[in-house]
Amino acid sequence: MHFVRWAELFVLHSLVGGTMQSLARIVVACTAAVVASPRDAIAEEHGHPAPPAREMAEQGGLEQALAREVRIEDVLEIAASGNPEIREAQERVLGASARAAAAGRLPDLEAKYEQWGVPLARPYALNEAGTIMVGLRQTIPAPGVLGARSRAAGGDAGMLAEVQRARQQDIRVRVKRVFYDYYRSYHEYRIHLEHVSLESHIVELARQNYQVGRATQQDVLRAVVDLSRLHNDVADIVQQVESSKAQLNTLMGRPTSAALGPPSDITPALVQVDAAQMERLVQEKRPEVASAKLGIERSQAALDAARTESLVPNIMIGADYWYQPTSAVHHAYAAMVSINLPWLNGRHRDEVREAEHALAADVRAFESARNAALYEVRDASARLAAAQQSFRIINGDLLPQARQSFEAAQAAFAAGQGDALGLLDSARSYLQVRLEHVRALTRLSSSFGDLERAAGADLAQAVPAAEEKHQ
């Protein structure tokens, strides 16, 4: 007798399993005709990292090139692919893209099981139950809701993509600033070494003149003191060079002790900048402004979804298989359709008001981001113009004059005319102007990089600027 009951249970469960699979295929086919599947193109549009710029062999060649000479283009290329902050932003964009695709999917398919009329005295006697039911349920949101949710999540992904672009531009600016610091400290080191040689020669001239009575012992001591001061300055500059190299390697994602050669030459950024064109670039290219604009679109999509859900009910459809072992008809089916009543729930009205305020806040955020970006581009343009003017004066006037003054004083002192104090003053002036020339050049280059960041674009490609030839 027990064997017969277990056999009936086995047959019953086999029927239930096969029927659930059939019902699943039916319900999925029906719902696919009602709601379109979301598009998967969002991930491709916002965040798939570009393939590496070079193959591994070429990357190794680039590393070797850095050991010979540090070019700003190579540093930027390595930093773009190896900087961990940029890679972190890329992963966040990919995650948001996947979340955007998920937002447009249907809710989970639900499976149900019920048993009616099973005797309490024999709870496992399913063959004596009135009805055994298995079925599937699928909730279908109101038309347009899934699309609006997908657009809202896609807006989040787009905003993160703009955050990634802003991060890339920030890294570019930091790389350029550090490279220019490296250039400045390296050339200051070279200039100081040259002046150590010059002042060593002055010390020898002072001693020779002292021996023949054309200079005093005080002249010799002054020259020696100035030479010692230069040696002290060289020690400080060596520290600056090493710090700049370590920071460059850090930004490129390399070991801080990785080999770096001398920096390549810098071309002065003597360009004419159109302020009106810069403001247009801000509107089109600045990542923060583009992100704020996407925030408005995201909030508008969220508001559309909230309004639709407050007015249009969701639909649930389902199908059941009935097994009635005690009835004359053993096999039957049931179908159901149900809707929710959103008009009776005040929660939806609150959600609509929340979405309206969020949209208004994002409009204000866009205005704020745009105004801040316009100010930054104006400020960067003014600083670039000041740096250009300073470089022109130092390069065209001060540097030639200081060189001529030093050469004249050196020739006079070697001929026994003049004194050591005048020669040392001219040497110090010449050294200071040479240092100011290097600093003005790097300040000019940094100011141009700041303007590019303020505009959100590579000005060498976006703006056809008229460069002045630097002799």
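Just so you know, these numbers use all the heavy atoms, side chains as well, and skip hydrogens, waters and symmetry mates. Keep in mind it's a predicted model, so treat the numbers as computed, not measured.
The structure places CG of L341 at 11.0 Å from CG of N314, a figure rounded to the nearest 0.5 Å. We find the OG-CD distance between S264 and E73 to be 6.5 Å, quoted to the nearest 0.5 Å. Residue R353 holds its CZ atom at 7.5 Å from CZ of R349, rounded to the nearest 0.5 Å. To the nearest 0.5 Å, atoms CD1 (I132) and CD (Q324) are separated by 10.0 Å. The line from NE2 of H348 to CG of N340 is 6.0 Å long, rounded to the nearest 0.5 Å. To the nearest 0.5 Å, atoms CG (L126) and OG1 (T131) are separated by 12.0 Å.
Between L270 and F391 the shortest heavy-atom distance is CD2-CD2, 4.2 Å. Across A358 and S299, no two heavy atoms sit closer than the pair O-OG, 3.9 Å. Residues P313 and A142 come closest through the heavy atom pair O-CB, 3.8 Å. Between P342 and S310, the closest heavy-atom pair is CB-O, 3.9 Å. Across A129 and W116, no two heavy atoms sit closer than the pair CB-O, 3.4 Å. Across A440 and I394, no two heavy atoms sit closer than the pair CB-CD1, 3.9 Å.
Side chain of R286 to backbone of A454: a donor-acceptor contact under 3.5 angstrom is found. Side-chain atoms of T442 come within 3.5 Å of backbone atoms of R439 as a donor-acceptor pair (strictly under, hydrogens ignored). Formation of a donor-acceptor pair under 3.5 Å by the R167 side chain with backbone atoms of E85 is found in this model. Counting only distance, with no hydrogens or angles, the side chain of Q164 and the backbone of V93 share no donor-acceptor pair below 3.5 Å. Side chain of D320 to main chain of M133: no donor-acceptor pair is present (N/O by atom type, distance under 3.5 Å, no hydrogens or angles). Side-chain N or O atoms of N83 include one that pairs as donor or acceptor with a backbone N or O of L251 at under 3.5 Å. In terms of modelled atom types and a separation under 3.5 Å, the side chain of H437 and the main chain of N395 share no donor-acceptor contact. S390 places no side-chain N or O within 3.5 Å of a backbone atom of A386 that could act as its donor or acceptor partner. Under the 3.5 Å distance criterion, the side-chain polar atoms of S150 are left unmatched by any main-chain donor or acceptor of L146. At distances below 3.5 Å, at least one donor-acceptor pair connects side-chain atoms of N249 with backbone N or O atoms of T256.
Ring-plane geometry between Y321 and H331 is classed as parallel, the angle between the planes falling under 30 degrees on a 0 to 90 degree scale with a further cut at 60.
For the residue pair Q239 / S243, a side-chain donor-acceptor distance below 3.5 Å is found, with atom types taken as modelled. One side chain, Q115 or Y113, offers a donor N or O that lies under 3.5 Å from an acceptor on the other. Between the side chains of Q240 and D236, no donor N or O sits under 3.5 Å from an acceptor N or O. When only modelled atom types and interatomic distance are considered, Y180 and R184 share no side-chain donor-acceptor pair under 3.5 Å.
Open room surrounds CZ on R87; 12 or fewer heavy atoms of other groups in view lie less than 6.0 Å from it. Sparse packing is recorded around CD of E354, with 12 or fewer heavy atoms of other residues, nucleotides or ligands lying under 6.0 Å away. The local environment of CZ in R92 is sparse, with at most 12 non-hydrogen atoms from other residues, nucleotides or ligands closer than 6.0 Å.
Residues L66 and V75 have side chains in contact (heavy-atom distance under 4.5 Å, counting atoms from C-beta outward). A heavy-atom distance below 4.5 Å is not found between the side chains of I317 and S338.
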Worked check of side-chain contact (heavy atoms from CB on, under 4.5 Å) between R378 and L374 | CA-CA 6 Å; R378 283 283 184 175; L374 290 174; 5.8 Å; no
Side chain to side chain donor-acceptor pair (under 3.5 Å) between Q300 and D304, intermediate numbers included = CA-CA 6 Å; Q300 183 62 61; D304 293 342; 3.1 Å; yes
Give the C-alpha distance, both sets of side-chain angles, the deciding distance and a yes or no for salt bridge (charged side-chain N to carboxylate O under 4.0 Å, His left out) between R347 and E351.
-> CA-CA 6 Å; R347 174 177 63 87; E351 291 175 347; 2.7 Å; yes
Starting from the C-alpha separation in whole Å, work towards a yes-or-no answer on salt bridge (charged side-chain N to carboxylate O under 4.0 Å, His left out) for E162 and R165.
-> CA-CA 5 Å; E162 294 300 331; R165 194 160 66 90; 2.8 Å; yes
Could you walk me through whether N127 and T326 pass the side-chain contact (heavy atoms from CB on, under 4.5 Å) check?
-> CA-CA 7 Å; N127 60 320; T326 59; over 6 Å; no
Given side-chain contact (heavy atoms from CB on, under 4.5 Å), test M336 with R137 step by step and report yes or no.
-> CA-CA 9 Å; M336 59 84 64; R137 300 286 185 270; 3.6 Å; yes
Could you give me the CA-CA distance, side-chain angles and deciding distance for R434 and E188, then say whether salt bridge (charged side-chain N to carboxylate O under 4.0 Å, His left out) is met?
-> CA-CA 8 Å; R434 293 188 68 186; E188 285 187 3; over 6 Å; no
For the pair L136 and E110, evaluate side-chain contact (heavy atoms from CB on, under 4.5 Å) and give the outcome as yes or no after the intermediate values.
-> CA-CA 6 Å; L136 295 173; E110 301 176 11; over 6 Å; no
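Using a cutoff of 4.0 Å between basic side-chain nitrogens and carboxylate oxygens, R71 and D74 are scored as salt-bridged. Look at R99 and D156 and you find no salt bridge, because none of the NZ, NE, NH1 or NH2 atoms lies under 4.0 Å from a carboxylate O. Between R177 and D181 there is no salt bridge, since no side-chain nitrogen of the basic residue lies less than 4.0 Å from a carboxylate oxygen of the acidic one. Salt bridge present: E288 and R453 bring a charged side-chain N and a carboxylate O closer than 4.0 Å. K293 and E297 are not joined by a salt bridge, as no carboxylate oxygen comes within less than 4.0 angstrom of a charged side-chain nitrogen.
Remark: of the listed residues V377, L451, L459, D274, L459 is the sole one forming a side-chain contact (heavy atoms from CB on, under 4.5 Å) with L281. Among Q169, R172, K176, the single residue meeting the side chain to side chain donor-acceptor pair (under 3.5 Å) criterion with E452 is K176.
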